Amino acid sequence: MDRKVISWRGIAVMIMAFLVVFGIAMFGILSSRRAMEKQYQEQQSRIVDMEMNVSELKNELARVGTDGYVENEAREKYDYIKSGEMRFEFSDPQKLQNYTEDEWQIIVDENLY
């Protein structure tokens, strides 16, 4: 009967080797998991940002088709004025800041006639 005797030292070395390999594998798995969780959070944040952007764009789209929006854009971007309106341009607007509403009305009335 040839029985081989395995020493406790051999078993301990095999168990330690197994634990080291297992530890390395677990470290890689946990590291990958952390990276995926971080990527997931970043994507969730992007989704929230995009949903807010979609909401803003829908609101803007609803406004764009209105007559008020078109008129405002024409006035702001292209200096549009309606028939019968007058445009005032001031070379030094800061000089006019101290006028009251009544004084403004007098200035406008004097310049109309």
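This one's a predicted model, so the numbers in the text were calculated from it and none came from an experiment.
- Taken from CE in Met36 to CD in Gln43, the straight-line distance is 13.5 Å, to the nearest 0.5 Å.
- Contacts of Glu71 classified as salt bridge (charged side-chain N to carboxylate O under 4.0 Å, His left out), with partners at least two apart in sequence or in another chain: Arg75, Lys82.
- In this structure, the separation between OG on Ser32 and CZ on Phe27 is 9.5 Å, given to the nearest 0.5 Å.
- Tracing side-chain contacts under 4.5 Å through hydrophobic residues (I, L, V, M, F, W, Y), one reaches Phe18 starting from Trp8; they form part of the same cluster.
- With values rounded to the nearest 0.5 angstrom, Met26 atom CE is found 12.5 Å from Leu19 atom CG.
- Atom CD of Gln39 is surrounded by 12 or fewer heavy atoms from other residues, nucleotides or ligands within 6.0 Å.
- Asp102 is not listed as a side-chain neighbour of Gln105, based on a closest heavy-atom distance of 4.5 Å or more.
- Arg33 CZ to Ile29 CD1: the interatomic distance, rounded to the nearest 0.5 Å, is 11.0 Å.
- What you find for Arg63 and Thr66 is that their closest heavy atoms are O-OG1, 2.7 Å.
- Annotation: the span from Lys77 atom NZ to Asn72 atom CG amounts to 9.5 Å, rounded to 0.5 Å.
- With rounding to the nearest 0.5 Å, the separation of CG in Asn53 from CD in Glu60 is 9.5 Å.
- Formation of a donor-acceptor pair under 3.5 Å by the Gln41 side chain with backbone atoms of Lys38 is not found in this model.
- The hydrophobic cluster containing Val64 also includes Tyr69, under a criterion of side-chain heavy atoms closer than 4.5 Å among ILVMFWY residues, counted directly or through chains of members.
- The backbone N or O of Glu51 sits nowhere less than 3.5 Å from a side-chain atom of Ser55 that would complete a donor-acceptor pair.
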Determine, step by step, whether Arg46 and Glu42 satisfy the salt bridge (charged side-chain N to carboxylate O under 4.0 Å, His left out) criterion, reporting the C-alpha distance in whole Å, the side-chain angles of both residues, the deciding distance to 0.1 Å, and the verdict. CA-CA 6 Å; Arg46 284 188 65 208; Glu42 290 170 355; over 6 Å; no

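- The environment of CG in Asn59 is crowded: more than 12 heavy-atom neighbours from other residues, nucleotides or ligands sit within 6.0 Å.
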